[in-house]
Amino acid sequence: MSKTHKTKVLIIGSGPAGYTAAIYTSRAGLKPTLVAGMQEGGQMTVTSDVENFPGFEDPVQGPWLMEQMKKQAEKVGTEMISDIIVSIDLKSNPKKAVGDDGTVYLADAVIIATGAQAKWLGLPSEDKYKGKGVSACATCDGFFYKGKEVIVVGGGNSAVEEAIFLTNFASKVTVVHRRDEFRAEKIMQDRLFANPKISVIWDSALEEVTGSANGVTGAKIKNLKTGAETDLKADGVFIAIGHKPATELFKGQVDLDNEGYIVTKPDSTETNIPGVFAAGDVKDKKFRQAVTAAGMGCMAALEADKYIAKLEHAHNNNHKKTPPTQQKPPKAG
């Protein structure tokens, strides 16, 4: 028989947004429940050196930073649950979610912090060699390419960052970009162009990953202007073309934009459903930083606190308005 878990605030997701929301709602005395999801700690758990999170003079490890946030949230009163939400009804009151093990979660407010996942090109050869030389995470797999040659596909911040990171291991990094300029921040581009291990192939796309039973051996690159194809030798191919928000669970309930990101009200984390808030990469396609995700987690917590206070105030007022039960006077005897 499935068990029912009641909470004032249910937080779905456990990256910087989820953990920060947990810290703030706990400190507000709301005793939140956080359901960690498939990847506890989110994308930060596959990030090695974190250099831009405020408060640390030297780089820190992503998994360590997430572990510290988790411990802080637990210390102030968050209940952590290792489960995956498989279905949810956000329009009911209380909100109702069902976990993978059948647990039913009932909550007055929900904070969605499910993050985003890497996008893939969708090539059959890409899928064939996933885990055998094709990867979407340089920080996870870069170590395996010491002294080897790799290709990075993409032109945004993630592609440039991955290319620079891979130079710590690889002997040569070739960036393949379908346009004639990067979309990445200028400071990141300057670092890339200054690195002698990195070369760029412009106006081109990955046509096919080539390999053997042992893994990737190279790639076919097509020039999008001339149509010419080039065979490039490589031991690994890293796809860095962006991310897809983890919002499949919420389709048909909260408003999503044309890319699948959750839409919130201006200067707010509140969705179109009262009592449902979204924070972090699940709603942010512009910045996608740990510190902005944490900031939105804080915002969501403060807004959830205010929402629950209004609920309780309305409940107390309704209770006061209910007339007491009239009792008949005792009969004279």
CZ (Arg27) and CD (Gln72) are apart, to the nearest 0.5 Å, by 8.0 Å
Rounded to the nearest 0.5 angstrom, the CG-CE distance for Leu65 and Met69 is 4.5 Å
message = I'd like to know if the side chain of Ser26 and the backbone of Ala22 have a donor-acceptor N/O pair within less than 3.5 Å.
response = yes
* To do: Kindly state whether the ring of Tyr145 and the ring of Phe238 have centres lying under 6.0 angstrom apart.
  => yes
*Inspect the surroundings of NZ in Lys132 and state if more than 12 heavy atoms from other residues, nucleotides or ligands are less than 6.0 Å away.*
no
query = Hey, is CZ on Phe56 packed in by over 12 heavy atoms from elsewhere, all under 6.0 Å?
reply = yes
Determine yes or no for a side-chain-to-main-chain donor-acceptor pair under 3.5 angstrom, with Asn272 supplying the side chain and Asp255 the backbone. yes
Problem - From CA spacing to verdict: side-chain contact (heavy atoms from CB on, under 4.5 Å), Leu192, Val200 - result: CA-CA 10 Å; Leu192 182 142; Val200 183; 3.9 Å; yes
Are the side chains of Ile88 and Ile12 in touch, meaning some heavy atoms are under 4.5 Å apart?
yes
(request) Following the transitive rule for hydrophobic clusters with a side-chain heavy-atom cut-off under 4.5 Å over Ile, Leu, Val, Met, Phe, Trp and Tyr, establish whether Leu121 and Ile151 coincide in one cluster. (result) yes
Determine whether the side chains of Thr264 and Glu270 contain a donor N or O and an acceptor N or O closer than 3.5 Å.
no
Would you say Val176 ends up clustered with Leu123 if hydrophobic residues are merged whenever their side chains have heavy atoms under 4.5 Å apart, either directly or through other cluster members? yes
- Given the rule that I, L, V, M, F, W and Y join up when any side-chain heavy atoms are under 4.5 Å apart, are Val76 and Leu30 in one cluster? no
| Side chains of Phe277 and Val110: closer than 4.5 Å at any heavy-atom pair? | no
Nearest heavy-atom approach of Ala301 to Ala21 is CB-O, 3.6 Å
Closest non-hydrogen contact found for Gly252 with Lys91 is O-NZ, 3.6 Å
Fill in: Verdict with supporting geometry, Tyr261 and Lys283, side-chain contact (heavy atoms from CB on, under 4.5 Å)
CA-CA 5 Å; Tyr261 288 85; Lys283 65 146 282 183; 5.5 Å; no
When you compare the side chain of Val237 with that of Val150, does any pair of heavy atoms fall below 4.5 Å?
no
Are Trp64 and Met66 in one and the same hydrophobic cluster, where Ile, Leu, Val, Met, Phe, Trp and Tyr link if side-chain heavy atoms are under 4.5 Å apart?
yes
In this structure, CD of Glu248 is separated from CD of Gln117 (nearest 0.5 Å) by 10.5 Å
Any donor-acceptor pair under 3.5 Å from Asn168 side chain to Phe165 backbone
yes
Residues Gln289, Asn52; criterion side-chain contact (heavy atoms from CB on, under 4.5 Å); working and verdict:
CA-CA 9 Å; Gln289 300 295 308; Asn52 54 8; 3.3 Å; yes
Q. Should Lys31 and Glu79 count as an ion pair when the cut-off is N to O under 4.0 Å?
A. no
Practice problem: State whether the side chain of Glu229 and the backbone N or O of Ile221 hold a donor-acceptor pair below 3.5 Å, judged by distance alone. | Solution: no
When every non-hydrogen atom of Arg178 is compared with those of Ala205, the smallest separation belongs to NH1-CB, 3.8 Å
- Message: I'd like to check Thr174 versus Leu232 (side-chain heavy atoms, cut-off strictly below 4.5 Å). Are they in contact?
- Response: yes
Interatomic distance, CG@Leu34 vs OG1@Thr25, rounded to 0.5 Å, equals 8.5 Å
d(Ile241 CD1, Ser158 OG) to nearest 0.5 Å is 9.0 Å
Lys220/Asp231 salt bridge by N-O under 4.0 Å criterion: yes
All heavy atoms of Gly260 vs all of Thr247, minimum pair found to be O-OG1, 2.6 Å
Query raised in the report: In terms of the angle between their ring planes, are Tyr105 and His5 parallel, tilted or perpendicular, with boundaries placed at 30° and 60°?
Result: tilted
Heavy-atom closest pair (Gly142 atom, Leu166 atom, distance to 0.1 Å) is CA-CD2, 3.7 Å
Which of Thr103, Leu249, Asp100 passes side chain to side chain contact (heavy atoms under 4.5 Å, CB included) with Ile85? Answer is Leu249
Practice problem: Would you check if Glu185 and Gln189 make a side-chain contact, meaning some heavy-atom pair closer than 4.5 Å? | Solution: no
Quiz item: Quick check: does any side chain N or O of Gln43 sit under 3.5 Å from a backbone N or O of Ala116, one acting as donor and the other as acceptor?
Solution: yes
Quick one: does Val209's side chain get under 4.5 Å of Lys128's, heavy atoms only? no
Side chain to side chain donor-acceptor pair (under 3.5 Å) between Ser14 and Glu40: does it pass, once the steps are laid out?
CA-CA 6 Å; Ser14 54; Glu40 189 170 324; 5.8 Å; no
Side chain to side chain contact (heavy atoms under 4.5 Å, CB included) with Val276: of Leu10, Ile111, Ile112, only one passes, and it is Ile112
query: Do Lys3 and Asp101 sit within salt-bridge range, that is, some charged N less than 4.0 Å from a carboxylate O?
result: no
Output yes when a side-chain donor or acceptor of Asp235 lies under 3.5 Å from a complementary backbone atom of Glu149, and no otherwise. yes
Using a 3.5 Å distance criterion without hydrogens, assess whether the side chain of His177 forms a donor-acceptor pair with backbone atoms of Glu181. yes
Note: Glu126 and Gly122 closest approach over all heavy atoms is OE1-N, 2.8 Å
Would you call the rings of Phe182 and Trp202 parallel, tilted or perpendicular if under 30° counts as parallel and over 60° as perpendicular? tilted
Less than 4.5 Å apart, any side-chain heavy atom of Val175 and any of Ile201? no
### Task
Verify side-chain contact (heavy atoms from CB on, under 4.5 Å) between Val50 and Met44, making sure each step is shown before the conclusion.
CA-CA 9 Å; Val50 179; Met44 289 290 284; 3.7 Å; yes
Does atom NZ of Lys197 have more than 12 heavy-atom neighbours, drawn from other residues, nucleotides or ligands, at distances under 6.0 Å?
yes
Notebook entry, point to check: Is NZ or CZ of Lys244 both nearer than 6.0 Å to the six-membered ring centre of Trp120 and within 45° of the ring axis?
Noted result: no
So OG of Ser268 and CE of Met296: to nearest 0.5 Å the spacing works out to 12.0 Å
Any donor-acceptor N/O pair, Tyr24 side chain to Leu302 backbone, under 3.5 Å: no
Check for me, please, whether Val35 and Ile11 land in the same ILVMFWY cluster - side-chain distances under 4.5 Å, paths through other members count.
no
Quick one, Glu312 and Lys8 - any side-chain contact, counting heavy atoms below 4.5 Å?
yes
